[in-house]
Amino acid sequence: MSRLIKKVAAIHDLSGFGRASLTTVIPILSTMGIQVCPVPTAILSTHTSNFTGYSFIDLTDYMEEHIAHWKKLNLEFDCIYSGFLGSPRQIKIVSDFVDHFGHKDNLVVVDPVMGDNGHLYGTMGEEMIVEMRKLVSKADIITPNFTEAAFLLGEKYKETTTEEEVKDWLVRISEMGPKIVIITSVPDEKINEFEKNMSVIAYNREDDVFWKVSCKYIPVSYPGTGDAYTSVLIGSLLQGDSLPVAIDRAMQFVTQCIKASYGFKYPSREGVLLERNLNTLNIPILFGAYELLKNDKE
Ligand code: PXL
């Protein structure tokens, strides 16, 4: 009976307004036919991007009781998925969670949420980066954006990059432990706002292959789109898709959500118009846009 519906343990905060973390993860995975079992890390009135004066309760102490009960129940998950974490101690709790509930047949996905557009979020610091490097070493798949990839490697953030450089970063990050590394929001070589592309580039260390999906850059940034991306990716992989199809579906969904919102000049801090787009998760993708990148070793 337990195999009827796949289960994801989702370790994220609950931000009441603004469509980030659990309020994005739950609707997406539920729509894709997957059960979400949350481990809440904190409760906030809103996410922290472009809101001030938000209320915040840190649930680090509570998380240990929540997880202890799950251990007694001997719960099993098809995937463990962590996102925004509030403190170095929380990262250690997630790491213990992975040691206990992770096994060779489930998927450990860590989205090392730390910052965007070259900057760390207000609650992040050097100690968080050090702990996050340890956590990513235990993951099967990680989904840093370009800024987070730079912080993981201790590289300087840049506004432009080349495919060769991103491939080098992907291989170096995968050497930290994860089998699959997916870097999102990769800028390209052009700086002109209206011509440039935004890409997702993935590396699978076991097969030694790189995959890329690109779309035209839209000059706006919505919080929670990273959570939406990783949620669709997980849903797609749990539905049995291959890695390139999963990175493609996730990119198409997020692009669709951004375009739906941008067309209305929707206030960016409220997140994307998720609810208007959820049903597109249930139609088959009509065309695939992914490419296989040349591997220089071949
Ligand atoms: O993953 C985005 C996110 C999640 N949770 C909180 C945030 C953000 C981004 O700003 O502030 C609390």
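This is a predicted model, so every value here is computed, not measured. Counting starts at 1 for both ligands and their atoms, following the listed order.
Closest approach of K138 to S95, counting heavy atoms only: NZ-OG, 2.7 Å.
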N/O contact list for ligand 1, threshold under 3.5 Å:
| unit_1 | atom_1 | unit_2 | atom_2 | d |
| --- | --- | --- | --- | --- |
| ligand 1 | 1 (O) | D227 | OD1 | 3.2 |
| ligand 1 | 1 (O) | D227 | OD2 | 2.9 |
| ligand 1 | 5 (N) | D13 | OD1 | 2.7 |
| ligand 1 | 11 (O) | T48 | N | 2.8 |
| ligand 1 | 11 (O) | T48 | OG1 | 2.6 |

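Partners of T184 by side chain to side chain donor-acceptor pair (under 3.5 Å), not counting sequence neighbours: none found. Considering only residues two or more places apart in sequence or on other chains, N50 meets the side chain to side chain donor-acceptor pair (under 3.5 Å) condition with none of them. Take T280 and apply the side chain to side chain donor-acceptor pair (under 3.5 Å) test, not counting sequence neighbours, and it matches no residue.
Between W169 and F146, the ring-plane angle classifies as parallel under the 30° and 60° cut-offs.
Between W70 and F77, the distance from one ring center to the other falls under 6.0 angstrom.
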